[in-house]
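Here, residue 1 is the first one in the sequence, and each next residue gets the next number.
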Amino acid sequence: MLMLLEQNQSWVSEFILLGFSSDPTSNRILFIAFLLLYLSAILGNGLIVTLICLDSHLHTPMYFFLCILSLLDMGYVTTTMPQMLVHLLAYSRTISFAGCWLQMYMFGALGLTECIFFVVMAYDRYVAICYPLRYTVILSWDLCTQLAAGSWTCGFFFSLIHTFLTMRLPYCGPNVVNHYFCEGPSVRSLACMDTHLIEMVDQVITVFVIVTPLSLILASYIHIALAILKIKSTRGRCKAFSTCASHLTVVTLLYTPATYIYMKPKSNYSPERDKRISLLYNVFAAILNPVVYSLRNKDIKGAFLKVMERGRVTW
């Protein structure tokens with residue numbers, strides 16, 4: 001694989017990432033804003049992971065999946081933000097061919113894993129509401145581990161296909177990428193050959209990891225809605241729906257912009273618009289996920305208060 005990469009680098013050994021602005025003053029402002037956003041994403045998701053690990057009451061399938069989602073979000077945003085922050089202050093905005101390869105692969109792997117993992121979380125809610133008495137029996141720890149491992153495996157496998165096909169193209173001319181990271185379509189637009197076949201392969205992958213998971217999530221929530229409607233008390237219905245509201249919110253935050261970016265016709269490609277929209281599923285989704293779950297979840301709030309109380313006792 002390395003030999004193929006070296007042979008196909010042609011005349012391009014590095015890429016230049018344009019980012020959002022070339023004005024030094026604007027870049028300093030953007031640096032502060034994006035640094036705060038990045039720290040918020042890391043601290044928020046890190047707090048969720050810490051609380052779930054420390055509180056034994058949260059050692060259930062639902063919170064196991066939430067912990068994995070937070071880990072995915074931290075890794076996802078870290079693949080792009082640190083380098084973008086450096087480029088906002090540095091004179092040079094270059095990234096090596098190998099660095100671009102790695103960034104594209106990790107970004108795709110974590111993003112695709114998260115898309116698939118949302119199906120697992122939807123299944124968790126389906127079992128919890130439709131089969132509450134058998135919840136822990138159906139979602140055993142062995143099954144939870146297998147579902148999580150399967151999501152990671154699929155995500156990393158399909159990202160490898162996408163990245164390999166993109167980076168093995170000949171790049172022999174311009175090397176300026178109009179984006180803040182090595183995003184597949186943006187890099188591929190610089191290739192010195194027709195990319196129609198690779199775009200078709202990408203569409204197939206997109207259908208598998210976006211359309212299919214969305215269909216499965218929709219099917220799960222149709223069954224969930226039917227089960228909720230059978231609950232006689234209004235309070236019971238509201239409680240059942242509230243357990244799904246957080247998941248529906250984060251699914252919307254990720255899938256809506258990602259679907260637009262990766263499933264729109266090539267004729268609608270707009271670098272300036274696309275790199276701003278990509279912030280929604282790359283940065284803002286990672287920030288809002290822990291906020292959505294912590295604000296809507298009494299168990300997370302309770303775990304946080306317990307940790308704070310322990311801290312006070314220690315002091």
Side-chain angles (χ1 to χ4, degrees), residues 17 19-20 27-55 58 62-90 93 95 99 102-118 121 148 151-152 155-156 159 179-183 246-247 249-255 257-258 275-297 299-308 310-311:
L17 300 174
F20 291 97
N27 283 340
R28 284 193 288 269
I29 296 173
L30 288 173
F31 174 83
I32 295 172
F34 284 127
L35 178 62
L36 292 175
L37 290 174
Y38 177 62
L39 292 176
S40 298
I42 295 299
L43 293 175
N45 285 286
L47 179 61
I48 294 291
V49 173
T50 302
L51 292 175
I52 292 174
C53 291
L54 291 179
D55 195 330
L58 301 182
M62 173 183 172
Y63 293 107
F64 170 69
F65 294 143
L66 179 56
C67 182
I68 293 177
L69 177 64
S70 293
L71 291 173
L72 282 169
D73 281 335
M74 286 193 288
Y76 193 47
V77 75
T78 300
T79 60
T80 60
M81 289 295 285
Q83 184 186 57
M84 183 179 71
L85 291 171
V86 171
H87 284 180
L88 285 171
L89 297 182
R93 298 184 181 185
I95 180 172
L102 180 61
Q103 185 182 60
M104 187 185 298
Y105 175 63
M106 292 305 299
F107 178 82
L110 294 171
L112 295 178
T113 299
E114 189 161 323
C115 287
I116 298 170
F117 193 69
F118 277 135
M121 298 183 74
S151 299
W152 284 80
F156 276 72
S159 180
H179 216 295
Y180 66 92
F181 71 98
C182 284
E183 191 248 3
S246 298
H247 179 252
T249 302
V250 297
V251 166
T252 303
L253 288 172
L254 176 70
Y255 272 102
K275 64 185 176 184
R276 287 174 173 80
I277 292 177
S278 67
L279 285 172
L280 295 177
Y281 62 83
N282 178 214
V283 180
F284 289 101
I287 295 171
L288 294 175
N289 283 357
V291 174
V292 169
Y293 276 103
S294 62
L295 290 179
R296 290 180 175 272
N297 195 297
D299 293 334
I300 294 290
K301 292 179 183 178
F304 179 73
L305 292 175
K306 287 180 183 179
V307 171
M308 294 297 293
R310 291 176 188 172

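- Between Phe156 and Trp152, the angle of the ring planes stays under 30°, which puts this pair in the parallel group of the 30/60° scheme.
- The two residues Ile42 and Met74 make their nearest non-hydrogen contact at O-SD, 3.7 Å.
- Between Asn289 and Glu114 there is a side-chain heavy-atom pair separated by less than 4.5 Å.
- In this structure Ala285 satisfies the side-chain contact (heavy atoms from CB on, under 4.5 Å) test together with Leu253, sequence neighbours excluded.
- Legend: residues meeting ring-ring contact (aromatic ring centres under 6.0 Å, His included) with Tyr281, ordered by chain and number and at least two apart, are absent.
- The main-chain N or O of Cys115 is found under 3.5 Å from a side-chain atom of Tyr255 such that the two form a donor-acceptor pair.
- Pairing each heavy atom of Leu30 with each of Leu88, the nearest pair is C-CD1, 3.9 Å.
- Two residues are said to be in side-chain contact when any heavy atoms from C-beta on lie closer than 4.5 Å; Tyr38 and Thr78 meet this criterion.
- Taking 4.5 Å as the limit, every side-chain heavy atom of Asp73 sits out of range of all side-chain heavy atoms of Val77.
- Within the 4.5 Å cutoff, side-chain heavy atoms of Gln83 are placed close to those of Leu17.
- Screening residues 276-286 for salt bridge (charged side-chain N to carboxylate O under 4.0 Å, His left out), with sequence neighbours left out, gives Glu272-Arg276.
- When all heavy atoms are compared, the tightest approach of His87 to Arg93 is CE1-O, 3.4 Å.
- In terms of heavy atoms, Ile52 sits closest to Tyr63 at CD1-O, 3.3 Å.
- The closest donor-acceptor contact from the side chain of Ser159 to the backbone of Gly155 lies at 3.5 Å or more, if one exists at all.
- To the nearest 0.5 Å, atoms CZ (Phe31) and CG (Leu89) are separated by 4.5 Å.
- Under the 3.5 Å distance criterion, the side-chain polar atoms of Lys275 are matched with a main-chain donor or acceptor of Gly19.
- In this view, Cys182 and Cys100 satisfy the disulfide bond (SG atoms under 2.5 Å apart) rule, not counting sequence neighbours.
- Inter-residue side-chain proximity for Phe34 and Tyr180 is flagged as unmet; no heavy-atom pair is nearer than 4.5 Å.
- With rounding to the nearest 0.5 angstrom, the CE atom of Met121 is 9.0 Å from the CD1 atom of Ile68.
- Here OG of Ser151 is found 11.0 Å from CG of Leu69. Values are rounded to the nearest 0.5 Å.
- Atom CD1 of Ile277 and atom CG of Asn282 lie 13.5 Å apart (nearest 0.5 Å).
- The side-chain contact (heavy atoms from CB on, under 4.5 Å) check on Phe284 picks up Leu37, Leu279, Leu280, with sequence neighbours excluded.
- Here the two rings, on Phe118 and Phe65, have centers that are 6.0 Å apart or farther.
- One N or O on the side chain of Gln103 and one on the backbone of Thr79 form a donor-acceptor pair closer than 3.5 Å.
- Judged as a side-chain contact (heavy atoms from CB on, under 4.5 Å), and not counting sequence neighbours, the contacts of Ile32 are Leu36.
- At a cut-off of 3.5 Å, with distance as the only test, no side-chain donor of Tyr76 or Asn45 sits close to an acceptor on the other residue.
- Between Asn27 and Phe20, every side-chain heavy-atom pair lies at or beyond the 4.5 Å cut-off.
- The structure places CG of Leu288 at 10.0 Å from OG of Ser40, a figure rounded to the nearest 0.5 Å.
- In terms of heavy atoms, Pro257 sits closest to Thr252 at CD-O, 4.0 Å.
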Residues Leu43, Leu47; criterion side-chain contact (heavy atoms from CB on, under 4.5 Å); working and verdict: CA-CA 6 Å; Leu43 293 175; Leu47 179 61; over 6 Å; no
